[in-house]
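Index from 1, following the sequence.
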Amino acid sequence: MAAVTYLVEDNATIRENLIPTLHDLSNCRVVGFAEGEHDASEWLDGHNGWDLAVVDLFLKDGSGLGVLKGCDQRQPHQRVVILTNYCTVDIRARCMALGADAVFDKSTELDGFFNFCNAPKDTPM
């Protein structure tokens, strides 16, 4: 069964390319998206049926870090991955400390991102 996936990305071009690519290259079904922290957090808090949240750091309003903080009470099967162009060592560490399951660079780590999306939840990354 496909992982119910929610995308938090404010760049329309990236969204328009990532959604069909997630469908084609991974076992993910994107059920919605948000462009900002408030809308994303509201949706994720209000829906228990999601499996994966894919979150960018820089959003139309707020940040992906705020979305990540808001997911601290998620169910054990729910994973949050940060997918960003701003993937420094410090950002990785901060995201992992806030509870991210993984952090990937949009420019150089898409293969790793899709491998993560296809891996069972208990597979270490």
Side-chain angles (χ1 to χ4, degrees):
M1 182 185 325
V4 175
T5 304
Y6 192 75
L7 180 60
V8 184
E9 171 63 64
D10 65 339
N11 184 306
T13 301
I14 291 173
R15 271 195 325 268
E16 290 166 6
N17 288 299
L18 187 56
I19 291 171
T21 304
L22 275 165
H23 176 74
D24 292 343
L25 298 181
S26 69
N27 191 27
C28 294
R29 179 175 53 93
V30 177
V31 295
F33 71 89
E35 295 183 336
E37 179 182 337
H38 175 76
D39 290 342
S41 294
E42 188 173 276
W43 192 94
L44 291 166
D45 286 343
H47 294 83
N48 291 326
W50 60 274
D51 301 306
L52 176 65
V54 178
V55 181
D56 186 19
L57 285 181
F58 296 105
L59 303 171
K60 188 177 262 185
D61 67 77
S63 77
L65 293 175
V67 174
L68 182 58
K69 286 179 194 174
C71 291
D72 63 344
Q73 299 296 314
R74 66 186 181 266
Q75 300 297 312
H77 75 279
Q78 295 173 320
R79 300 185 297 170
V80 179
V81 61
I82 301 297
L83 184 63
T84 183
N85 283 321
Y86 190 70
C87 201
T88 66
V89 171
D90 290 338
I91 287 294
R92 281 184 199 274
R94 188 165 180 197
C95 291
M96 297 306 286
L98 288 172
D101 292 288
V103 181
F104 296 100
D105 188 299
K106 287 179 187 174
S107 303
T108 61
E109 298 179 324
L110 286 177
D111 287 342
F113 168 70
F114 289 112
N115 288 339
F116 175 88
C117 292
N118 286 319
K121 176 164 177 18
D122 55 358
T123 303
M125 288 293 180

* Rounded to the nearest 0.5 Å, what's the gap from OG1 on T21 to CZ on F113? Could you check? => 9.5 Å

* Asked: Minimum heavy-atom separation for I82 to A100, with atom names?
  -> CG1-CB, 4.1 Å

* Atom pair CG/CG of L68 and L44 - distance to nearest 0.5 Å -> 10.5 Å

* Cluster question for you: counting only ILVMFWY and a side-chain heavy-atom cut-off of under 4.5 Å, with indirect links fine, are F104 and Y6 together? -> no

* Counting distance only, does the side-chain N/O of E37 pair as donor-acceptor with the main-chain N or O of D61 below 3.5 Å? -> no

* Asked: Linking I/L/V/M/F/W/Y whenever any side-chain heavy atoms sit under 4.5 Å apart, do L25 and I19 land together?
  -> yes

* To do: Using the side chain to side chain contact (heavy atoms under 4.5 Å, CB included) rule, take C117 and N27 through it: C-alpha gap first, then chi angles, then the decisive distance, then the call.
  => CA-CA 7 Å; C117 292; N27 191 27; over 6 Å; no

* To do: Without swapping roles, check the side chain of S107 against the backbone of D105 for a donor-acceptor pair under 3.5 Å.
  => no

* **Exercise: identify the closest heavy-atom pair between K106 and N85** => CB-OD1, 3.2 Å

* Could you grab the distance from atom CZ of R74 to atom CG of D51, nearest 0.5 Å is fine? => 12.0 Å

* Would you check if D101 and V81 make a side-chain contact, meaning some heavy-atom pair closer than 4.5 Å? => no

* Asked: Under 4.5 Å between side-chain heavy atoms, hopping through other hydrophobics if needed: is there a path connecting V8 to F33?
  -> no

* To do: Find out whether V54 and E9 are in side-chain contact, i.e. whether some heavy atom of one side chain is under 4.5 Å from a heavy atom of the other.
  => no

* To do: Look up atom CZ in R29 and atom CG in L52, then write down how far apart they are to the nearest 0.5 Å.
  => 12.5 Å

* **Interatomic spacing from CZ in R94 to CG in L57 - rounded to 0.5 Å** => 9.5 Å

* **Shared hydrophobic cluster, V55 / I14 (ILVMFWY, side-chain heavy atoms < 4.5 Å)** => no

* Structure fact -> Nearest heavy-atom approach of C95 to V103 is CB-CG2, 3.6 Å

* To do: For the pair Y86 and F58, name the ring-plane relationship: parallel under 30°, tilted 30 to 60°, perpendicular over 60°.
  => perpendicular

* To the nearest 0.5 angstrom, please state how far the CG atom of L7 sits from the CH2 atom of W43. => 11.0 Å

* With a cut-off of 6.0 Å (strictly less than), are more than 12 heavy atoms of other residues, nucleotides or ligands near NE2 of H47? -> yes

* Asked: Is there a donor-acceptor pair under 3.5 Å between the side chain of T84 and the backbone N or O of C87?
  -> no

* In terms of hydrophobic clustering (I, L, V, M, F, W, Y; side-chain heavy atoms under 4.5 Å; direct or indirect links), are V67 and V4 co-clustered? -> yes

* Asked: Which atom pair, heavy atoms only, marks the closest approach of I91 to T88?
  -> N-OG1, 3.0 Å

* May I ask you to test the L83-L110 pair for a side-chain heavy-atom distance under 4.5 Å? => yes

* For N48, does its backbone N or O pair with a side-chain atom of Q78 as donor and acceptor, under 3.5 Å? -> yes

* To do: Examine distances only and state if a side-chain atom of D56 and a backbone atom of G64 form a donor-acceptor pair shorter than 3.5 Å.
  => no

